[in-house]
Amino acid sequence: MEMSPNTASSLWLPWSLWLLFFLTQVTQTTNSAPLSDASLSVNTTLLFNSGAPGHNLRNCSCSTPIRDCDEALANSLCRCRTVLRSALPPAGLREAGRLTVWVKELWVLEELLNRSMVAHLLLSFCGIKPMDSQYLALLGLRTLRIHSAAPEAPYPDQELTISPAAGVAAELDTLGFDSSSSYQVTFLDVAVLNGLSVLKAYSVVGPPAQTLSQHFPHLALPRPAPDDPTDPSEPRTLHSLLLTFVY
């Protein structure tokens with residue numbers, strides 16, 4: 001996933017001066033036990049590349065726990081259908097529930113997940129070749145769980161809950177930043193899927209969504225709505241942004 005002008009190659013330049021640098025606490029749990037038993041709760045969507053000709057995707061609805069990376073079990077116990085790679089939504093997914101993605105090849109991240117809106121995400125690395133350090137943009141992410149099936153990975157199962165520390169949230173409130181209604185954008189280094197190090201993260205207050213969209217038009221941020229929908233001349237409310245970097 002090469003850095004394009006709309007990703008991290010220009011990440012720091014046009015709007016870095018807008019950032020208010022407040023480190024936020026990210027609740028982190030590193031588990032020695034596998035996450036498999038809880039990885040697929042009731043009505044979880046599971047996606048994985050099937051390895052079939054054309055590199056198509058399997059879209060499964062699972063109501064029972066499935067062992068990570070066990071495609072045969074998923075096809076047997078879940079309701080699955082094949083989605084053509086050419087039919088993937090170009091603007092990313094919009095998943096309101098819990099989403100689990102098994103990753104073997106980089107294109108799944110590039111073409112399926114990048115710029116997707118998902119609140120609760122479990123990523124399982126099921127491939128052989130390690131993932132290089134590259135960035136993925138996720139919208140509205142609240143919880144992230146990582147599983148790596150890489151041989152001898154020292155950190156095979158990890159979890160992050162993204163939330164500002166109480167002290168930082170109070171400071172932000174004094175500056176007029178409403179963290180409860182902020183819009184979250186997470187930049188994830190996909191190298192964490194290798195399970196070689198403990199997950200780390202920090203957050204910063206970013207520019208208004210409209211300003212960020214000017215420099216990253218393909219990020220698919222929400223469009224701010226007028227304060228008064230009946231009066232188009234009314235100024236639009238600009239969403240507050242909380243940018244989180246996970247690596």
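A quick note: this is a predicted structure, and the numbers were derived from the prediction, not measured.
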Output for pair (Cys62 SG, Arg98 CZ), nearest 0.5 Å, gives 14.5 Å
Can you tell me how far the CZ atom of Phe187 sits from the OH atom of Tyr247, to the nearest 0.5 Å? 15.5 Å
[X]: which residues meet the side chain to side chain contact (heavy atoms under 4.5 Å, CB included) condition with it, sequence neighbours left out?
X      : answer
Val246 : Leu144, Leu160, Thr186, Leu188, Leu199, Ala201, Thr244
Ile128 : none
Asp70  : Arg67, Ala72, Leu73
Ala119 : Arg142

Flag side-chain contact, heavy atom, 4.5 Å: [X] against [Y]:
X      : Y      : value
Thr143 : Ile162 : no
Leu77  : Ile66  : yes
Leu106 : Lys129 : no
Ile146 : Asp157 : no
Leu123 : His147 : no
Arg145 : Leu121 : no

Who pairs with [X] by side chain to side chain donor-acceptor pair (under 3.5 Å), at least two apart in sequence or on another chain?
X      : result
Asn59  : none
Ser197 : none
Asn194 : none

Taking every non-hydrogen atom, the tightest pair across [X] and [Y]:
X      : Y      : result
Pro156 : Ala153 : CD-O, 3.4 Å
Glu105 : Met131 : C-CE, 4.3 Å
Asn49  : Trp107 : CB-CZ2, 3.5 Å
Leu109 : Leu136 : O-CD1, 3.3 Å

Pair His120, Leu99 - check side chain to side chain contact (heavy atoms under 4.5 Å, CB included), show working. CA-CA 6 Å; His120 306 285; Leu99 177 65; over 6 Å; no
Electrostatic pair Arg58:Glu71 at N-O distance under 4.0 angstrom: no
One thing to verify: whether Arg115 and Glu110 come together as a salt bridge, which I'm taking to mean a side-chain N less than 4.0 angstrom from a carboxylate O. no
I'd like to know whether the aromatic ring centres of Tyr202 and Phe245 sit less than 6.0 Å apart in this structure. yes
Side-chain H-bond candidate by donor/acceptor type, Asn56 with Thr82, under 3.5 Å: no
Criterion side chain to side chain contact (heavy atoms under 4.5 Å, CB included) on Val185 and Leu138, from CA distance to verdict: CA-CA 6 Å; Val185 181; Leu138 299 167; over 6 Å; no
Tell me, with the steps shown, if Leu112 and Leu93 meet side chain to side chain contact (heavy atoms under 4.5 Å, CB included). CA-CA 7 Å; Leu112 175 70; Leu93 302 174; 3.7 Å; yes
Hits for salt bridge (Lys or Arg N to Asp or Glu O under 4.0 Å) against Glu95, two or more places apart or cross-chain, chain-then-number order -> none
Set of residues satisfying ring pair (Phe, Tyr, Trp, His ring centres under 6.0 Å) with respect to Phe48, sequence neighbours excluded: Trp102
Mark yes or no for whether Ser148, through its side chain, and Ala150, through its backbone, hold a donor-acceptor pair below 3.5 Å. yes
Per the disulfide bond (SG atoms under 2.5 Å apart) rule, what does the pair list look like for residues 99-147, sequence neighbours excluded? Cys69-Cys126
What residue among Cys60, Ser61, Ser63 forms side chain to side chain contact (heavy atoms under 4.5 Å, CB included) with Cys78? Cys60
Between Leu113 and Val101, does a side chain to side chain contact (heavy atoms under 4.5 Å, CB included) hold up when you go through it step by step? CA-CA 9 Å; Leu113 272 186; Val101 180; 4.2 Å; yes
